[in-house]
There are 4 protein chains.
Amino acid sequence: MTFDPLPPAPANVVGRGPKVRAAVLAATLAELGETGFAALTVENVARRAGVHKTTVYRRWKDRRNLVTDALTDHVVSNISIPDTGCVASDLSQLARHVVRLQNSPIDQAVTTALHSDAARLPEVAEIRRQFFADRFRRAEPIIGRAVERGELPSDTDPTLTIKALIAPIYLRILVTAEPIDDASADHAAEITLAAARAGVFRRPRC
Amino acid sequence: MTFDPLPPAPANVVGRGPKVRAAVLAATLAELGETGFAALTVENVARRAGVHKTTVYRRWKDRRNLVTDALTDHVVSNISIPDTGCVASDLSQLARHVVRLQNSPIDQAVTTALHSDAARLPEVAEIRRQFFADRFRRAEPIIGRAVERGELPSDTDPTLTIKALIAPIYLRILVTAEPIDDASADHAAEITLAAARAGVFRRPRC
Amino acid sequence: MTFDPLPPAPANVVGRGPKVRAAVLAATLAELGETGFAALTVENVARRAGVHKTTVYRRWKDRRNLVTDALTDHVVSNISIPDTGCVASDLSQLARHVVRLQNSPIDQAVTTALHSDAARLPEVAEIRRQFFADRFRRAEPIIGRAVERGELPSDTDPTLTIKALIAPIYLRILVTAEPIDDASADHAAEITLAAARAGVFRRPRC
Amino acid sequence: MTFDPLPPAPANVVGRGPKVRAAVLAATLAELGETGFAALTVENVARRAGVHKTTVYRRWKDRRNLVTDALTDHVVSNISIPDTGCVASDLSQLARHVVRLQNSPIDQAVTTALHSDAARLPEVAEIRRQFFADRFRRAEPIIGRAVERGELPSDTDPTLTIKALIAPIYLRILVTAEPIDDASADHAAEITLAAARAGVFRRPRC
DNA sequence: CCTTAAACGAGACGGTACGTCATGTCTTGTC
DNA sequence: GACAAGACATGACGTACCGTCTCGTTTAAGG
């Protein structure tokens with residue numbers, strides 16, 4: 001969920017191209033954060049990017065494509081998966097990592113946008129889906145190793161477990177609007193660990 | 001979070017007043033569900049309610065007030081608190097009740113709206129806050145009775161516990177967009193119960 | 001080619017309607033006169049009329065309709081046909097009348113517009129056609145009476161004669177851009193009279 | 001008012017210069033004829049000339065200069081002055097020549113443009129003025145010879161006479177939009193001759 | 001024949017105006 | 001007196017064209 005340093009180059013590279021593209025996408029995310037998707041205006045984005053309205057429309061068909069592109073660009077599930085040799089630490093570390101990814105204003109804006117009216121756009125919904133699918137998939141080894149080490153019951157479902165881990169965090173972000181910190185992360189890890197040890201996430205469940 | 005049949009009548013009662021009011025608010029919720037807050041249009045609401053645009057503006061200052069009022073009217077925390085004599089059943093029942101409250105299209109629309117761009121309106125944020133605060137407060141006795149019965153550790157924090165209970169449900173609603181049913185509810189209850197028994201929700205924590 | 005005092009009311013009569021309509025049409029003609037059809041801008045017309053752009057578009061589909069309507073409204077062939085008992089005076093009077101109709105800035109603007117790029121619009125071309133057809137038809141009696149009085153050869157074609165009468169005037173207006181006055185009118189009348197007496201306009205000709 | 005085969009070369013002669021210049025000016029006149037000055041776009045001209053927009057702007061400062069240059073290039077008063085020894089024939093021949101100059105689409109386009117919104121450009125107005133001034137000047141000998149031969153009154157003003165000659169033709173072109181042919185030309189000549197013989201064009205008049 | 005400078009193709013850009021749509025205010029007539 | 005109807009100012013939408021400005025790439029001399 002941070003800048004992708006690799007050259008994705010979905011647009012042309014001539015002239016001021018790349019600079020304009022970056023400026024407009026950054027402005028879009030900033031506006032998304034400040035005013036939200038519903039109130040986001042192409043003209044404000046353009047002004048903020050120091051660019052003319054028609055320049056935005058030259059590269060993006062409409063407001064929706066602009067937002068979609070801005071989110072796509074910044075939603076990169078580069079989450080790092082801990083491997084401490086102890087499932088309790090692993091879950092805690094993972095949860096803390098998720099929490100930290102919400103600390104920059106830009107990533108807050110992205111998360112908020114992904115769960116706002118923008119999510120009615122099929123492309124945005126798909127971005128969100130892939131983001132979480134990727135996150136669940138990458139976190140699987142944590143549970144796999146824990147099972148191998150005998151820390152968790154065999155048949156413990158990795159995805160169910162990770163969902164349980166992030167659920168309290170997203171409840172605070174999206175529902176109760178409480179701040180999140182390492183303590184919140186550890187709390188979520190404890191809940192998950194207790195449930196996992198009790199066999200709540202064993203496969204037959206869905 | 002269901003239709004309130006009682007006459008709240010915060011507006012005038014003369015003429016076609018109440019009928020118009022109800023029709024417009026119902027139309028507002030329907031539009032909220034279909035198009036979302038960002039794309040909600042006073043003209044569409046008016047058309048749907050079989051009423052003229054100016055009639056809407058006569059009663060509500062603007063689009064924001066209309067939405068706020070529609071949500072206020074329908075967000076009524078009339079959740080029923082189970083008392084089965086067993087905390088496992090109580091949590092399961094409560095979770096199932098929460099799930100069922102999402103079954104009507106209108107309540108889905110309300111929940112979606114409460115967590116969409118509309119939540120940037122202070123009034124809507126306040127509605128959401130009060131709704132959940134009320135829900136947590138009313139559910140406290142479940143935990144209290146469980147502690148008294150010795151089913152859960154003393155010092156188990158009711159609010160923390162209930163938050164843990166609803167977290168997986170709201171993750172499915174808001175994040176993963178998965179359908180929710182009684183199984184989801186029971187799963188959430190199991191997680192919570194395991195964690196609670198393990199003492200994860202004891203007071204010192206926050 | 002002057003204001004039509006009769007209530008044409010092609011638009012609704014509610015609200016500021018008629019006032020706005022008149023203001024916009026007047027502004028349109030003024031802009032036509034100052035900048036011409038090619039450079040006429042709806043936004044400038046609106047500003048000049050003290051009205052918002054969308055108000056113009058509410059009543060007229062586009063720039064073309066606006067211009068067409070403005071011209072229609074003001075092109076009223078209310079030319080008065082002299083009857084002095086002498087064809088020489090009649091032609092002179094008629095020519096002078098035509099010249100005088102070009103004296104107001106507004107009528108100059110209309111004439112210019114009718115012979116500018118605006119005439120590529122089929123509606124404007126039709127307005128012009130009808131205007132001149134009507135003028136030729138109304139002037140017929142002058143020639144008819146002259147023939148009856150024996151002042152002109154029988155079989156003198158009225159339309160041919162009137163065309164010859166106005167040709168030098170319109171040459172000055174449209175081609176040589178010379179000012180026109182009563183002397184120009186009398187000159188045109190003399191040419192026409194000499195030719196008519198010589199039998200140049202007798203029917204067999206076309 | 002036809003293609004000038006001489007190398008005017010107001011631009012450089014190196015490279016593809018002359019070919020491009022000719023193609024663009026031809027395309028400009030074609031567009032002038034089809035869409036008129038008001039709707040003429042540089043991009044359409046460029047496309048039609050098989051050239052890129054920037055190539056047009058490299059040679060002409062703007063749309064106005066392009067049109068001006070295209071008209072200048074093609075408005076060449078190469079009218080041939082008849083000398084048949086008889087003023088009646090001379091006038092008829094001259095009129096027929098004027099008519100024939102309107103037969104090519106390109107010359108029609110030029111004439112239309114000269115009397116359209118383009119004429120608001122001072123340069124275009126000047127082109128028109130010079131074109132007609134030149135035509136009147138070159139036609140003078142016709143009248144001079146007629147006077148010498150005693151066919152017309154002494155003091156017959158050549159310019160007035162020629163204006164009278166072309167007036168009916170331009171009325172058909174610009175006002176009544178009727179087709180013109182040799183008959184129209186002869187008719188104009190007859191009118192003019194009758195008036196001239198009657199002394200209508202004697203000098204004191206203006 | 002081969003280089004070399006101009007002219008050209010391509011297209012992004014800031015800008016003006018277009019014509020559309022929704023907001024929220026207002027007035028007029030009608031039930 | 002509340003409502004329907006709808007005009008209005010405002011402001012954003014998304015489009016087309018203007019005229020300017022790089023960049024590479026021909027291409028037609030001139031060495």
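Chain naming here is simple, since letters A, B, ... match the order of the sequence lines and numbering starts at 1 in each. Only heavy atoms go into these numbers, but all of them, side chains included; no hydrogens, no water, no symmetry mates.
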Sugar-phosphate only, base, or nothing, as touched by C:Leu66 at under 4.0 Å among non-hydrogen atoms: nothing
Presence of B:Thr55 side-chain N/O under 4.0 Å of F:dC3 phosphate oxygens OP1/OP2: no
Rounded interatomic separation in angstrom, taking CZ from B:Phe37 and C1' from E:dT23: 13 Å
4.5 Å side-chain heavy-atom contact, D:His52 and D:Glu43: no
Nucleotide E:dT23, atom C1' - distance to CG of B:Asn44 in whole Å: 13 Å
Presence of A:Thr54 side-chain N/O under 4.0 Å of E:dG14 phosphate oxygens OP1/OP2: no
Full working for side-chain hydrogen bond (donor to acceptor under 3.5 Å, both in side chains) between D:Thr41 and D:Asn44: CA-CA 5 Å; D:Thr41 74; D:Asn44 284 345; 3.2 Å; yes
Whole-Å gap separating C1' (E:dA12) and NZ (A:Lys19): 12 Å
OP1 or OP2 of E:dT16 under 4.0 Å from side-chain N/O of C:Thr41: no
Sugar-phosphate, base or nothing in reach of D:Glu43, heavy atoms under 4.0 Å: sugar-phosphate
Sugar-phosphate only, base, or nothing, as touched by B:Arg58 at under 4.0 Å among non-hydrogen atoms: base
Between P of F:dG14 and CZ of A:Arg63, the distance in whole Å: 7 Å
Distance, rounded to the nearest Å, where A:His52 contributes NE2 and F:dC18 contributes P: 17 Å
Options F:dT15, F:dC8, F:dG19, nucleotide nearest the side-chain atoms of D:Val42: F:dG19
Given DNA chain E, 5'-ward residue of the pair C:Asp62 and B:Lys61, judged by closest heavy atom: C:Asp62
Position toward the 5' end of DNA chain F (nearest nucleotide), A:Arg47 or C:Gly50: C:Gly50
Side-chain N or O of B:Tyr57 closer than 4.0 Å to phosphate OP1/OP2 of E:dG24: yes
First encountered from the 5' end of DNA chain F, between D:Leu40 and A:Trp60: A:Trp60
A:Arg64 side-chain N/O to F:dG14 phosphate OP1/OP2 under 4.0 Å: yes
Any donor-acceptor pair under 3.5 Å from D:Thr55 side chain to D:Val51 backbone: no
Sequence neighbours excluded, every pair satisfying salt bridge (charged side-chain N to carboxylate O under 4.0 Å, His left out) that has a member inside residues 108-119 of chain D: D:Asp117-D:Arg120
Candidate pair A:Arg59 and A:Asp69, rule salt bridge (Lys or Arg N to Asp or Glu O under 4.0 Å), full reasoning: CA-CA 10 Å; A:Arg59 292 173 177 280; A:Asp69 203 12; over 6 Å; no
Touch class at under 4.0 angstrom, heavy-atom based, for D:Lys53 against every strand present: base
